[in-house]
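What follows is a set of notes on a single structure, which appears directly below.
We're numbering straight along the sequence, starting at 1.
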Amino acid sequence: MPHAHFQPFWHKLLPLLCSIGIVALAPAQDIMDKLVPLKGFSVTLDAGATLPGRYHANFYNGTPDNSNTINRIIHSEGYGNQIWNSLVNQGLISPSEITRYENLEVAEYADMKYSITYQIGLGVRYDFEGRNTAIFARFDYMKLTAKGAFNLFRHPTTTILSNQDQYISCGIWGTESRTYIDLGVSKSIPFNPLLHFAIDAGVNINHYRVLSNDIEIGGTTYTILDTWGGRMPAMNAQSYEYYQTGIGFGAFASPCLRLMLPHSMAADLGLSCYYSKITLPGYDKFAPQFTLFLRFIMNNL
């Protein structure tokens, strides 16, 4: 049984689900008679599908200019020897052509992109009676994964071979978490008592944390997350906890359709368009992000 502190929320959520069923099944006039305009304080609950732009994803591509680099691993004595031996044993390189791990070379770095991910959040809003206007604060969380592939040279770079024979394809990926705080104003325009058009706009404050940055070479996974303070790692060297994290900001606009529900509730279906600065080192310019969301508004909790 829920703790007493959460009972009011659950007591309101259950009528919300019932309200959606009522709208779907009840006669139109019965619905209209039970609609109550939003006013005062509400709690919002949202879920969505997020697609960030590619710009920030390339933080994880392992280039020499990035915080986490591929060369730091393949050119280290411990990891480099392990990778070189693995590639030789699998017949992917010839020890007479690539004679040492220092000769391993990246031919082409990955063009990374984020996968579509979920976004969930809670918020509060205050609707001014009779004005179709509200102010709000929302808190959303998402976990992102960026993926790509890079190529290692299979033979010395002076060898003239076909592309198929020249490269070893390797996977690379990175994960991060983001927390968004959206502060803004909402304005709605009723088409009729049941259906409204609404648009939210405001400022975004974001916090990110890098969780991982990994590569796969010859079937083995290695982390390139810098836990060595910029130094070359060794197999027996002590690493330390190192968190890549930061705070950014931006703006957003979210047009949506609002379905008014009985019991002083509503449901929004819309698209949030962000233009935000995520302060990933070396990738701290503004870039777009889009979230398709479904949001429930539970009024007068």
Take Asp200 and Ser254 through the side-chain hydrogen bond (donor to acceptor under 3.5 Å, both in side chains) test and state the conclusion after the steps. CA-CA 5 Å; Asp200 299 350; Ser254 305; 5.3 Å; no

Trace of the side-chain hydrogen bond (donor to acceptor under 3.5 Å, both in side chains) decision for Gln244 with Tyr208: CA-CA 8 Å; Gln244 295 168 337; Tyr208 80 88; over 6 Å; no

Can you list the steps and then say if Asn206 with Thr179 is a side-chain contact (heavy atoms from CB on, under 4.5 Å)? CA-CA 6 Å; Asn206 58 73; Thr179 303; over 6 Å; no

Quick one, Asp214 with Thr221, criterion side-chain hydrogen bond (donor to acceptor under 3.5 Å, both in side chains). Give me CA distance, side-chain angles, the key distance, then yes/no. CA-CA 7 Å; Asp214 299 317; Thr221 299; over 6 Å; no

If you apply the rule side-chain contact (heavy atoms from CB on, under 4.5 Å), what do you find for Asn71 with Val106, and how did you get there? CA-CA 8 Å; Asn71 286 338; Val106 178; 3.9 Å; yes

Stepwise, does the side-chain contact (heavy atoms from CB on, under 4.5 Å) test hold for Asp268 with Leu257? CA-CA 6 Å; Asp268 290 350; Leu257 289 177; over 6 Å; no

Trace of the side-chain hydrogen bond (donor to acceptor under 3.5 Å, both in side chains) decision for Gln90 with Ser86: CA-CA 6 Å; Gln90 295 180 59; Ser86 174; 2.8 Å; yes

Working note: Thr245 + His207, criterion side-chain contact (heavy atoms from CB on, under 4.5 Å); need CA distance, chi angles, decisive distance, verdict. CA-CA 7 Å; Thr245 184; His207 173 267; 2.9 Å; yes

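Between the side chains of Asp284 and Thr279, no donor N or O sits under 3.5 Å from an acceptor N or O. Looking only at atom types and distance, the side chain of Asn68 has no donor-acceptor partner in the side chain of Asp226 under 3.5 Å away. For the residue pair Ser177 / Lys143, no side-chain donor-acceptor distance below 3.5 Å is found, with atom types taken as modelled. Donor-acceptor pairing under 3.5 Å is lacking for the side chains of Thr145 and Ser115. A donor-acceptor contact closer than 3.5 angstrom links the side chains of Thr50 and Gln119.
Comment: Arg125 engages Asp127 in a salt bridge, judged by a side-chain N to carboxylate O separation of less than 4.0 angstrom.
No continuous path of ILVMFWY side-chain contacts below 4.5 Å connects Ile199 to Ile297, so the two sit in separate hydrophobic clusters. Residues Leu144 and Phe286 do not share a hydrophobic cluster, clusters being chains of Ile/Leu/Val/Met/Phe/Trp/Tyr side chains in contact below 4.5 Å. Hydrophobic clustering, with ILVMFWY side chains joined whenever heavy atoms are under 4.5 angstrom apart, groups Phe41 together with Ile135. Leu122 and Tyr141 sit in two unconnected hydrophobic clusters of ILVMFWY residues. Membership requires side-chain heavy atoms under 4.5 Å apart, directly or through other members. Cluster annotation: Leu225 and Tyr79 are assigned to the same hydrophobic cluster (Ile/Leu/Val/Met/Phe/Trp/Tyr, side-chain heavy-atom contacts under 4.5 Å, transitive).
Looking at Asn213, its side chain never comes within 3.5 Å of a backbone N or O of Thr175 through a donor-acceptor pair. A donor-acceptor pair under 3.5 Å links the side-chain atoms of Thr133 to the main chain of Arg131, judged by distance alone. Judged by distance alone, with hydrogens and angles left aside, the side-chain atoms of Thr291 form no donor-acceptor pair with the main-chain N or O of Phe293 at under 3.5 Å. At least one donor-acceptor pair under 3.5 Å links the side chain of Asn58 to the backbone N or O of Met112. With hydrogens and angles ignored, the 3.5 Å screen pairs a side-chain donor or acceptor of Arg154 with a backbone N or O of Leu92. At distances below 3.5 Å, at least one donor-acceptor pair connects side-chain atoms of Ser76 with backbone N or O atoms of Ile73. Lys187 places no side-chain N or O within 3.5 Å of a backbone atom of Ala134 that could act as its donor or acceptor partner.
Ring geometry, Phe136 versus Phe252: the interplanar angle falls from 30° to 60°, so the pair is classed tilted.
Put simply, CD1 on Ile278 and CD1 on Ile247 are 11.5 Å apart, with the number rounded to the nearest 0.5 Å. With rounding to the nearest 0.5 Å, the separation of CG in Leu152 from OG in Ser169 is 9.0 Å. Atoms CG and CG, from Asn61 and Asp111 in turn, are 8.5 Å apart once rounded to the nearest 0.5 Å. For the atom pair CE of Met298 and OG1 of Thr44, the computed distance is 7.0 Å after rounding to the nearest 0.5 Å. In this structure, CG on Asn151 lies 9.0 Å from CD1 on Ile168, to the nearest 0.5 angstrom. Rounding to the nearest 0.5 Å places CD1 of Ile215 at 5.5 Å from CD1 of Ile83.
Annotation: side chain of Glu108 is not in contact with side chain of Phe150 (no heavy-atom distance under 4.5 Å). Looking at Asn103 and Glu97, their side chains never come closer than 4.5 Å, going by heavy atoms from C-beta outward. The shortest side-chain heavy-atom distance between Asn81 and Arg100 does not fall under the 4.5 Å cut-off. Looking at heavy atoms from C-beta onward, Ser42 lies out of side-chain contact with Phe296 at the 4.5 angstrom threshold. The shortest side-chain heavy-atom distance between Thr220 and Tyr222 falls under the 4.5 Å cut-off.
Just one residue in the list Ile181, Leu183, Asp46 forms a side chain to side chain contact (heavy atoms under 4.5 Å, CB included) with Arg138, and that residue is Asp46.
For the pair Arg178 and Tyr114, the cation-pi criterion (under 6.0 Å, within 45° of the ring axis) is fulfilled.
Nearest heavy atoms, Ile74 versus Leu104: CD1-O, 4.1 Å. Minimum heavy-atom separation, Gly62 to Ile172: N-CD1, 4.0 Å. The minimum heavy-atom distance between Arg258 and Ser188, with the atom names listed, is NH1-CB, 3.7 Å. Between Tyr283 and Phe59, the shortest heavy-atom contact is CE1-CA, 3.5 Å. Here the closest non-hydrogen pair linking Tyr118 and Met142 is O-CB, 3.4 Å. Nearest heavy-atom pair, Ile98 versus Pro156, reported as atom, atom and distance to 0.1 Å: CD1-N, 3.9 Å.
Under the 6.0 Å cut-off for aromatic ring centres, Phe249 and Tyr275 do not qualify, their centroids lying 6.0 Å or more apart. Remark: aromatic rings of Tyr274 and Tyr180 are close, center separation under 6.0 Å. Aromatic ring centres of Tyr167 and Phe153 lie closer together than 6.0 Å.
Within a 6.0 Å sphere centred on CG of Leu294, other residues, nucleotides and ligands contribute more than 12 heavy atoms.
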